[in-house]
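All values derive from a computational prediction rather than experimental measurement.
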Amino acid sequence: MERKIISGTYRDYLFLFGDSRTAYSDLSAKKSAVEKNLYIMLEDDLPAGYICANVSGYLCNVPYAYTVPEKRRHGVFTALLRYLTQLDNIDAVLVQISASQENFASIVKTCEAAGFHQDSVVKIFRADWESLHTWKETYFDEFMATHGHKYLEYFARRNFKVYSFADAPQKYLEQLYHSHENFFENTLDVKRFFDSYDKNLVARDISFLSVKDDKLAAYYLTTSPDGNNVVVEQTAVAKKYLNSGAMLPLWDIFVRTLYVRQCSNMAFAIYSDNTPAIKFDAKITKNLKLTENLIYKYIYEKF
């Protein structure tokens with residue numbers, strides 16, 4: 001049996017694995033292929049599996065991998081993982097594994113055998129359109145009428161201004177781009193939403209930022225891979241305004257815009273050890289019917 005791993009194109013993916021496609025695998029394969037990081041394993045010139053990789057700096061993230069059914073439990077996924085760990089241009093490989101996956105335990109075991117260790121756990125929350133529709137008209141509108149608008153007036157009096165990414169002056173987007181090293185003191189990696197394939201996914205009309213005194217105060221960054229589903233990728237407040245409630249004006253306009261858009265699903269993620277964020281979201285999404293899932297992140301580090 002002869003095995004080889006090649007760098008594939010999106011057309012290769014469609015031709016070799018067309019019968020196993022999903023919306024998410026299409027998205028992952030397309031993105032990785034554009035960046036020339038879609039790797040396909042062939043056994044005796046027949047497709048055995050593939051792995052999607054996204055490289056940012058020296059970190060390689062794995063959003064999706066697939067092994068054809070008859071080749072499973074034959075080390076295909078292990079070989080593809082190890083191939084990534086041996087690439088010269090990266091220092092670490094990160095794999096995300098959903099706890100709801102049928103083969104969750106075996107994937108974890110494979111990662112650990114390949115030298116990966118658990119890095120973090122992320123909680124993913126999802127709400128469909130029917131739940132969002134009911135929640136907004138039943139609970140959110142009442143909250144804003146009785147309490148929320150007073151807070152919005154407070155922030156307006158303090159000269160906080162809100163823009164969508166589509167309408168924001170370029171200088172504020174540049175402040176966001178450099179928010180890791182400037183006064184904002186951002187701990188999140190926002191540059192990938194400006195520099196890599198991810199920039200094509202940003203929903204600029206439903207992503208928002210607020211400014212005060214000509215400086216970025218907070219932002220709400222969302223993506224929409226297909227125009228119907230919306231993912232809240234990042235929410236952050238400048239260190240100066242932590243615990244001030246400065247996120248509320250962005251949350252208000254996001255909800256109202258989302259309602260008009262009538263998306264199929266909305267999802268957002270929070271690290272399981274981020275207790276303040278979990279408490280805040282528990283308050284603002286009270287009575288919103290959410291489904292939860294855990295995503296385990298396993299990492300391989302060369303050094």
Side-chain angles (χ1 to χ4, degrees), residues 5-43 46-55 60-74 76-81 83-84 93-108 110-111 122-132 192 196-203 222-233 261-269 290-298:
I5 297 175
I6 65 171
S7 176
T9 65
Y10 187 65
R11 182 176 294 180
D12 293 330
Y13 157 79
L14 295 175
F15 179 73
L16 296 173
F17 303 99
D19 293 339
S20 62
R21 293 169 58 195
T22 66
Y24 185 69
S25 71
D26 280 0
L27 177 67
S28 300
K30 183 177 293 184
K31 178 179 178 181
S32 297
V34 167
E35 299 175 349
K36 301 187 185 304
N37 292 314
L38 172 63
Y39 298 103
I40 298 172
M41 173 175 281
L42 302 174
E43 285 190 353
L46 295 176
Y50 65 91
I51 194 165
C52 301
N54 305 136
V55 179
C60 175
N61 181 61
V62 178
Y64 193 83
Y66 176 79
T67 303
V68 299
E70 60 269 25
K71 299 293 184 179
R72 290 171 186 171
R73 300 186 183 279
H74 288 78
V76 173
F77 178 54
T78 301
L80 287 166
L81 270 184
Y83 181 84
L84 294 181
V93 180
L94 185 67
V95 178
Q96 302 185 61
I97 313 166
S98 170
S100 63
Q101 287 182 237
E102 183 179 352
N103 53 349
F104 170 77
S106 63
I107 296 175
V108 168
T110 298
C111 289
V122 180
K123 283 189 174 183
I124 304 294
F125 301 87
R126 284 186 174 83
D128 59 25
W129 164 246
E130 194 59 40
S131 298
L132 286 166
R192 65 188 178 92
S196 70
Y197 182 88
D198 287 335
K199 68 182 180 182
N200 301 314
L201 306 179
V202 175
T222 66
T223 60
S224 182
D226 55 10
N228 293 318
N229 296 282
V230 172
V231 181
V232 179
E233 299 281 357
R261 187 165 178 156
Q262 297 189 21
C263 69
S264 298
N265 293 278
M266 181 271 288
F268 61 94
L290 295 167
T291 58
E292 297 183 22
N293 186 27
L294 292 177
I295 301 294
Y296 289 79
K297 294 189 175 185
Y298 277 75

Suppose we screen for side-chain contact (heavy atoms from CB on, under 4.5 Å). Which residues come up paired with N61, at least two apart in sequence or across chains? N54, P63, L94, Q96
side-chain contact (heavy atoms from CB on, under 4.5 Å) against S131, all qualifying residues, sequence neighbours excluded: D128, L288, K289
Close side-chain approach of [X] to [Y], heavy-atom, < 4.5 Å:
{"X": "E233", "Y": "T223", "answer": "yes"}
{"X": "L16", "Y": "Y50", "answer": "no"}
{"X": "E43", "Y": "V76", "answer": "yes"}
{"X": "W129", "Y": "N228", "answer": "no"}

Salt bridge (charged side-chain N to carboxylate O under 4.0 Å, His left out) against R21, all qualifying residues, sequence neighbours excluded: D26
The salt bridge (charged side-chain N to carboxylate O under 4.0 Å, His left out) partners of K297 (sequence neighbours excluded) come to none
Hey, could you give me the [atom1]/[atom2] distance between [X] and [Y], rounded to the nearest 0.5 Å?
{"X": "K71", "Y": "L46", "atom1": "NZ", "atom2": "CG", "value": "7.0 Å"}
{"X": "C52", "Y": "Y13", "atom1": "SG", "atom2": "OH", "value": "7.5 Å"}
{"X": "Y66", "Y": "T22", "atom1": "OH", "atom2": "OG1", "value": "10.0 Å"}
{"X": "I51", "Y": "S28", "atom1": "CD1", "atom2": "OG", "value": "11.0 Å"}
{"X": "T67", "Y": "H74", "atom1": "OG1", "atom2": "NE2", "value": "11.0 Å"}

Between [X] and [Y], which heavy-atom pair has the shortest distance, and what is it?
{"X": "L84", "Y": "A53", "answer": "CD2-CB, 4.1 Å"}
{"X": "S264", "Y": "N229", "answer": "CB-OD1, 3.9 Å"}
{"X": "F77", "Y": "A65", "answer": "CE1-CB, 3.7 Å"}
{"X": "I5", "Y": "A79", "answer": "CD1-O, 4.0 Å"}
{"X": "C263", "Y": "L132", "answer": "SG-CD1, 4.1 Å"}
{"X": "A99", "Y": "N293", "answer": "N-OD1, 3.9 Å"}

Identify, with sequence neighbours excluded, every residue that meets ring pair (Phe, Tyr, Trp, His ring centres under 6.0 Å) alongside Y83.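 For Y83 the ring pair (Phe, Tyr, Trp, His ring centres under 6.0 Å) partners, ignoring immediate neighbours, are Y39.
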Please test V108 against Y296 for side-chain contact (heavy atoms from CB on, under 4.5 Å), starting from the C-alpha separation and ending with a verdict. CA-CA 9 Å; V108 168; Y296 289 79; 5.7 Å; no
Heavy atoms of other groups near [X] [atom1], more than 12 under 6.0 Å:
{"X": "E102", "atom1": "CD", "result": "no"}
{"X": "R192", "atom1": "CZ", "result": "yes"}
{"X": "F15", "atom1": "CZ", "result": "no"}

Quick one: which residue pairs count as a salt bridge (Lys or Arg N to Asp or Glu O under 4.0 Å) with a foot in residues 30-39, not counting sequence neighbours?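 Counting only pairs at least two positions apart or across chains, the salt bridge (Lys or Arg N to Asp or Glu O under 4.0 Å) contacts touching residues 30-39 are K31-D198.
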Evaluate the side-chain contact (heavy atoms from CB on, under 4.5 Å) criterion for residues V68 and S20: first the C-alpha distance (whole Å), next the side-chain angles of each, then the deciding distance (0.1 Å), finally the verdict. CA-CA 8 Å; V68 299; S20 62; over 6 Å; no
K123/L294 under side-chain contact (heavy atoms from CB on, under 4.5 Å): CA gap, chis, key distance, verdict: CA-CA 5 Å; K123 283 189 174 183; L294 292 177; 3.4 Å; yes
Donor on one side chain, acceptor on other, Y64 and S32, under 3.5 Å: no
Using the rule side chain to side chain contact (heavy atoms under 4.5 Å, CB included), only one of V93, L80, N37, I97 pairs with V62; which is it? V93
N200 and V34: CA distance, side-chain angles, deciding distance, side-chain contact (heavy atoms from CB on, under 4.5 Å) verdict: CA-CA 12 Å; N200 301 314; V34 167; over 6 Å; no
